[in-house]
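Read through the structure below, which is laid out as structure tokens, and then see the notes.
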Amino acid sequence: MEDGDSAEEASPYQLYTLPNIQFKSLWSSLIYDDRIKSNLLQYLSTIVLFSKHDVDSNIVSHNKIVLLNGPPGTGKTSLCKALAQKISIRFNHIFHSSVLIEINSHSLFSKWFSESGKLVMKVFDRIRETAEDSECFVIVLIDEVESLTAARKAALSGAEPSDSIRVVNAFLTQLDRLKTYKNVIILTTSNLVGAVDIAFIDRVDIKQYIGLPSLQARAVIFRSCIDELIKKGLMKGGHQGHDQSLQEVAKLAEGLSGRSLRRIPFLTFSNMYSKSAQSVQYNEYMDAMKSTLALELANTSKIEKL
């Protein structure tokens, strides 16, 4: 379920009930090296444990804020949603309900800073209203948190009204107020961690870098896509020599984000599709993937040079 307003401008937040059918396959679809997913899940579980035992955060410091940073397309927002889904299921014996409130920083800090102040209060009023029910688990997701820094720097340089600083300060103050709620966790993302406001960084407990997929991760991503096409009857063959062929295309895909990698199998199939034959042969498909990858990398290179 999503919650939004029918105002002229898009609502600066969306509310999802958890667990949510939209996030059902997110966790398994996100492929990372090391133990990124399990470590983050363990951290969130520790927050819930500390809250349950009423551990004083002034003694054992924990602000219940996570920052995922890295290049665009690496799945940071999706990982936050997958974590929210996982943690809501893991602790459904403690909380009778769970919600995810997703905030878009760009929408929150509109070009009219006089309106932004109202938006900030509106969003946080809604969060606190939801969190007042101590049996409701509230996960707040703030996307592209570097927008906070852009607002503050623009104001200090004189490019924006001075009250924008007060808006950003109010935002940080509201975050601090959420710390008192035992049932609230805050997940944030940034594409430019170097641009994130230091005042916000100081409040973050966990700073996790989410980078581009390694060779092994790229092969696993492609394998999952191929297995799905075979499962749905859109591809024939592929079981013999499966790993060797995938390793070859995975090597060619260096530098692409997870989002781009998962788009390659669709584009490849689209290039091969014909009404007379609605399925493809594995070997032919893998050859076509190489051509699709070459084109995608060439187009990406051109865009980066603009």
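Only this structure's heavy atoms are used, side chains among them; waters, hydrogens and symmetry mates stay out.
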Got a second to check how far R35's CZ is from L40's CG, nearest 0.5 Å?
11.0 Å
Taking the side chain from D205 and the backbone from N63, do they hold a donor-acceptor pair closer than 3.5 Å?
yes
I'd like to know if the side chain of T17 reaches the main chain of V99, judged simply by a donor and an acceptor atom lying under 3.5 Å from each other, with no hydrogens or angles considered.
no
One pair to check against side chain to side chain contact (heavy atoms under 4.5 Å, CB included): L293 and L256. What are the steps and the verdict?
CA-CA 10 Å; L293 273 168; L256 292 181; 3.7 Å; yes
Would a hydrophobic clustering, with Ile, Leu, Val, Met, Phe, Trp and Tyr connected at side-chain separations under 4.5 Å, put I21 with F23?
no
In this structure, would I47 and F50 fall into the same cluster of hydrophobic residues linked by side-chain contacts under 4.5 Å?
no
To check you understand the geometry: which heavy-atom pair defines the closest contact between S190 and E146, and what is its length?
OG-OE1, 2.7 Å
Note, M286 side chain near L246 side chain (heavy atom, < 4.5 Å):
yes
If the condition is salt bridge (Lys or Arg N to Asp or Glu O under 4.0 Å), which residues does E132 pass it with, not counting sequence neighbours?
none
Between NZ of K207 and CD1 of I201, what distance do you get to the nearest 0.5 Å?
6.0 Å
Counting distance only, does the side-chain N/O of N271 pair as donor-acceptor with the main-chain N or O of L267 below 3.5 Å?
yes
At their closest point, which heavy atom of Y282 faces which heavy atom of S245, and how far apart are they?
OH-CB, 3.3 Å
I need the minimum non-hydrogen distance between I139 and L187, along with the two atoms involved.
CG2-CD1, 3.7 Å
Shortest non-hydrogen contact from S257 toward G73:
CB-O, 3.3 Å
Can you check whether L30's main-chain N or O pairs, donor with acceptor, with K37's side chain at less than 3.5 Å?
yes
Could you check whether any side-chain N or O of Y13 sits under 3.5 Å from a backbone N or O of F124, counting only pairs where one atom can act as donor and the other as acceptor?
no
Would you list the atom pairs, donor with acceptor, under 3.5 Å between side chains in residues 75-85 and any protein atom, with sequence neighbours excluded?
{"from": "K76", "atom 1": "NZ", "to": "G70", "atom 2": "O", "distance (Å)": "3.2"}
{"from": "K76", "atom 1": "NZ", "to": "P71", "atom 2": "O", "distance (Å)": "2.8"}
{"from": "K76", "atom 1": "NZ", "to": "T74", "atom 2": "OG1", "distance (Å)": "3.4"}
{"from": "K76", "atom 1": "NZ", "to": "N191", "atom 2": "OD1", "distance (Å)": "3.0"}
{"from": "T77", "atom 1": "OG1", "to": "D143", "atom 2": "OD1", "distance (Å)": "2.6"}
{"from": "T77", "atom 1": "OG1", "to": "D143", "atom 2": "OD2", "distance (Å)": "3.4"}
{"from": "K81", "atom 1": "NZ", "to": "E102", "atom 2": "OE1", "distance (Å)": "3.4"}
{"from": "Q85", "atom 1": "OE1", "to": "N20", "atom 2": "N", "distance (Å)": "2.7"}
{"from": "Q85", "atom 1": "NE2", "to": "N20", "atom 2": "O", "distance (Å)": "3.0"}

Straight-line distance of I103 CD1 to L15 CG, nearest 0.5 Å
10.5 Å
S279 side chain vs M235 backbone, donor-acceptor pair below 3.5 Å:
no
Donor-acceptor pair, side chain of N183 and main chain of A131, under 3.5 angstrom
yes
Just wondering, more than 12 heavy atoms not from Q216 lying within 6.0 Å of its CD?
no
May I ask whether I94 and I87 are part of the same hydrophobic cluster, defined by side-chain heavy atoms of I, L, V, M, F, W, Y residues being less than 4.5 angstrom apart, directly or through others?
yes
Let me see the working for L215 and Q247 under side chain to side chain contact (heavy atoms under 4.5 Å, CB included), right down to the final yes or no.
CA-CA 8 Å; L215 172 60; Q247 285 292 326; 4.0 Å; yes
Would you call P265 and Y285 a side-chain contact if the rule is heavy atoms closer than 4.5 Å?
yes
Flag yes if V60 and V48 sit in one hydrophobic cluster, no otherwise; membership is Ile, Leu, Val, Met, Phe, Trp, Tyr, and two members link when side-chain heavy atoms are under 4.5 Å apart.
no
Flag the pair W27 / L41 as yes when at least one side-chain heavy-atom distance between them is below 4.5 Å, and no otherwise.
yes
When rounded to the nearest 0.5 angstrom, what distance separates CD1 in I226 from CG in L234?
11.0 Å
Drop me the distance from D287's CG to E248's CD, to the nearest 0.5 angstrom.
9.0 Å
Mind checking whether Y43 and L141 sit in one hydrophobic cluster, side chains of I, L, V, M, F, W, Y counted as touching below 4.5 Å?
yes
Looking at A253 and R218, what are the two nearest heavy atoms and their distance?
O-CD, 3.5 Å
Who are the salt bridge (Lys or Arg N to Asp or Glu O under 4.0 Å) partners of K24, not counting sequence neighbours?
none
Over all heavy atoms of both residues, which pair between R262 and S29 is shortest? Give the atoms and the distance, please.
NH2-O, 2.6 Å
For D33, which residues count as a salt bridge (Lys or Arg N to Asp or Glu O under 4.0 Å) partner, sequence neighbours excluded?
none
Under 3.5 Å, which donor-acceptor pairs link side chains of residues 170-178 to any protein atom two or more places apart or in another chain?
{"from": "T173", "atom 1": "OG1", "to": "N169", "atom 2": "O", "distance (Å)": "2.9"}
{"from": "Q174", "atom 1": "OE1", "to": "R128", "atom 2": "NH1", "distance (Å)": "2.3"}
{"from": "D176", "atom 1": "OD1", "to": "R203", "atom 2": "NE", "distance (Å)": "2.9"}
{"from": "D176", "atom 1": "OD2", "to": "R203", "atom 2": "NE", "distance (Å)": "3.4"}
{"from": "D176", "atom 1": "OD2", "to": "R203", "atom 2": "NH2", "distance (Å)": "2.9"}

Is the shortest side-chain heavy-atom distance between I36 and Q208 below 4.5 Å?
yes
Could you work out, with ring-ring contact (aromatic ring centres under 6.0 Å, His included) as the rule, every residue matching H96, not counting sequence neighbours?
none
Between I186 and K64, does the side chain to side chain contact (heavy atoms under 4.5 Å, CB included) criterion hold? Intermediate values first, please.
CA-CA 6 Å; I186 300 169; K64 301 183 291 185; 6.0 Å; no
Roughly how far, to the nearest 0.5 Å, is the OG atom of S98 from the CD atom of E135?
11.5 Å
